Amino acid sequence: MPQIVQDRLSIGTFYNPHLAAFTLGHPELIDHLAMADPPAANDQFFPRIQQQFPLLLHDYLGQLSDPLSEFALERARDLKQRYESPWVAEHFQCLHTQDRSRSLDYVFPPLYTEEFLQRFCENASALRDAVSAPLVMENIPGFFSVRRAQMSEAEFLRRFFERTDCGFLIDVPHIWLAAYYRGIDPQEYMAEFPLDRVVEIHVAGVEHDRDLQGPWIAPTAPNDDILDLACWVAERAPQLRAVTVDVFSPSVTAFQLEDSMRRTRRAFTVATRAAS
Amino acid sequence: MSTLPSASRVPPSPLTDRDVQDDVIRFLTDADLRVQASCGELFTQADSERAGRFSRFLARRYYRDRLYRGFRYSAALVPESHRADQIVDEPRFDSVLAECDLGSLCTAQAVGGMAVASLKPVRQDLWWRELLEYERAFFIQLAVSEPEARCAFPQKGRSTLVGAFSFRIPELLESLRSREASSESFQGKIALLFSRTPHGKIYVAELDRAMRSILESIDGASTVDDIAQSVGISPEEARHSLSRLAEFGAVVMPTADH
């Protein structure tokens, strides 16, 4: 099974099964694939996908605000072994209640408090030990504040990474949105973020949402603001290995994926040339 | 967005932070709660308004996704503007957003009914309404995520449905998948069981008369022996059949503490 490139930045995307034929036909655009779901049993393309691309485990393994069940840990282990993923990803999120009677079915950040920091540190370490691989954690934007919060997102993440030594999967549109809804510049927002821990960057598009009455994550191509910001992060991330175009939706088309990949590759090529 | 309060200004509470996060999740998923409960302890007024908007975003997104997946056969047969998932962008969906209990059977039934009512007049094929009823039942399995209540007696799963069709739906679907022009030749009665497991795996299975009788005799107040007697089989046979149905999530068996 191919390994993620060592001598340069790997630029890839998510595996969209309905675009498998396009994906197989464009190795010049896609270096790696992140796996959000296991392949379907009848996915005839997947054996070739697995032969051609390094795979990154980016499934929902469980919310690390709570201890993972033995079933969840075993599943994470199996997926990691199946994909031979160089690292395993999870999110700073808490989307269902403790009794599991309620779920948001969508990424949602935890309260940034001492209690949650302790919970995430313990449960992330348990997951990392279970899969015997590096764990990278992805930031999740909030759309509103809760009174109970005790610290900023930056402080929460910084202290988490200091205590666990996990890697940082920085989702740049998430940062951009968090900054937007606080009315501050995204680079200023990131001033206290531990960019030296960044292993992987996510880029994606944003579009106006009618309910939020402002921009939010959308399965569209990343715009210039997002790509410029991603390159700015990359310049400050000495451990960076991969950039992943975060589009995973049955509605995304081959044209949209190709456009996103070309734009992202062009942005990082230009940034790399400028830096050298 | 308002600034975060400092820890020293937060009044002491017997709730853990994890409990408070649960309160936020309940606020976002239950429209009744947003109307009835005071949320002053959770949010400022401005953030409460923003959280309300976020809950509408979540609900619209959730049902768009489930409608897209649940009504995929009909979607291929109608103009894009008539697809089931398009209803979430129509003004009439505002009533769902205003009363939404995200993941509940009640809201799933309302949304499924709205989709079927919207699609029914679009085609006149004999099998069209039956296809929509099949898709409605499948959509219910996708859209219901409420956990099952603990029970003292066997009971049907919350989203379990039995559909009686006058077209052989599996063959009709195969025909639609292969884009054959005529699907009128598939008339024939069939009963299908729709269910989902607690892990979210969905089953659609043909139901024979014996299994259907067992399902129909489950009323949430009858023991396995009662069910066996009602159907006219041995308790052992009833237990075996109920276990099979429980594997599909169609039946919830009593928990050990009952």
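These numbers come from a predicted model, not from an experiment. To find a chain, count down the sequence lines: A is the first, B the second, and so on, and within it residues start at 1.
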request  = Name the region of Ser101(A), side chain, backbone, both or neither, that has any atom closer than 4.5 Å to a heavy atom of chain B.
outcome  = both
ask   = With chain A, which of Leu28(B), Leu97(B), Leu102(B) has the greatest number of heavy-atom pairs at distances under 4.5 Å?
value = Leu28(B)
message = We want to know whether Tyr189(A) and Glu153(A) form a side-chain donor-acceptor pair, criterion being a heavy-atom distance below 3.5 angstrom.
response = yes
request  = Could you list the residues that satisfy side-chain contact (heavy atoms from CB on, under 4.5 Å) with Ala115(B), not counting sequence neighbours?
outcome  = Leu67(B), Phe71(B), Ala84(B), Ile87(B)
message = If you count heavy-atom pairs within less than 4.5 Å of chain A, which of Asp30(B), Leu42(B), Asp23(B), Ile25(B) leads?
response = Ile25(B)
inquiry  = Can a side-chain donor-acceptor contact be found between Asn123(A) and Gln63(A) if the only test is distance below 3.5 angstrom?
reply    = no
message = For Glu146(B) and Ser104(B), which I'm curious about, is there any donor-acceptor pair between the side chains at under 3.5 Å?
response = no
Ionic contact status for Glu174(B) with Arg177(B), cut-off 4.0 Å = yes
Sorted by number, residues from residues 206-222 of chain A in contact with chain B (heavy atoms, under 4.5 Å) = Asp209(A), Arg210(A), Asp211(A), Leu212(A), Gln213(A), Trp216(A)
key: Charged N-O contact under 4.0 Å between Glu155(A) and Arg158(A)   = no
ring-ring contact (aromatic ring centres under 6.0 Å, His included) partners for Phe160(A), two or more places apart = Phe92(A)
request  = Give, as side chain, backbone, both or neither, the part of Arg66(B) having an atom under 4.5 angstrom from any heavy atom of chain A.
outcome  = side chain
Top of Arg61(B), Arg69(B), Glu49(B), Arg60(B) for chain A proximity - count of heavy-atom pairs under 4.5 angstrom = Arg60(B)
query = With only heavy atoms counted, which part of Arg100(A) is less than 4.5 Å from chain B, the side chain, the backbone, both or neither?
reply = backbone
query = With a 4.5 Å heavy-atom cut-off, do Phe14(A) and Thr244(A) have their side chains touching?
reply = yes
query = Which residue out of Leu58(B), Asp22(B), Asp19(B) racks up the most heavy-atom pairs below 4.5 Å with chain A?
reply = Asp22(B)
request  = Between chain A and each of Asp65(B), Thr29(B), Val24(B), count heavy-atom pairs under 4.5 Å; write down the option with the most.
outcome  = Thr29(B)
task = Could you list the residues that satisfy salt bridge (Lys or Arg N to Asp or Glu O under 4.0 Å) with Glu115(A), not counting sequence neighbours?
result = Arg119(A)
message = Quick check on the 6.0 Å ring-centre criterion: do His58(A) and Phe248(A) meet it?
response = no
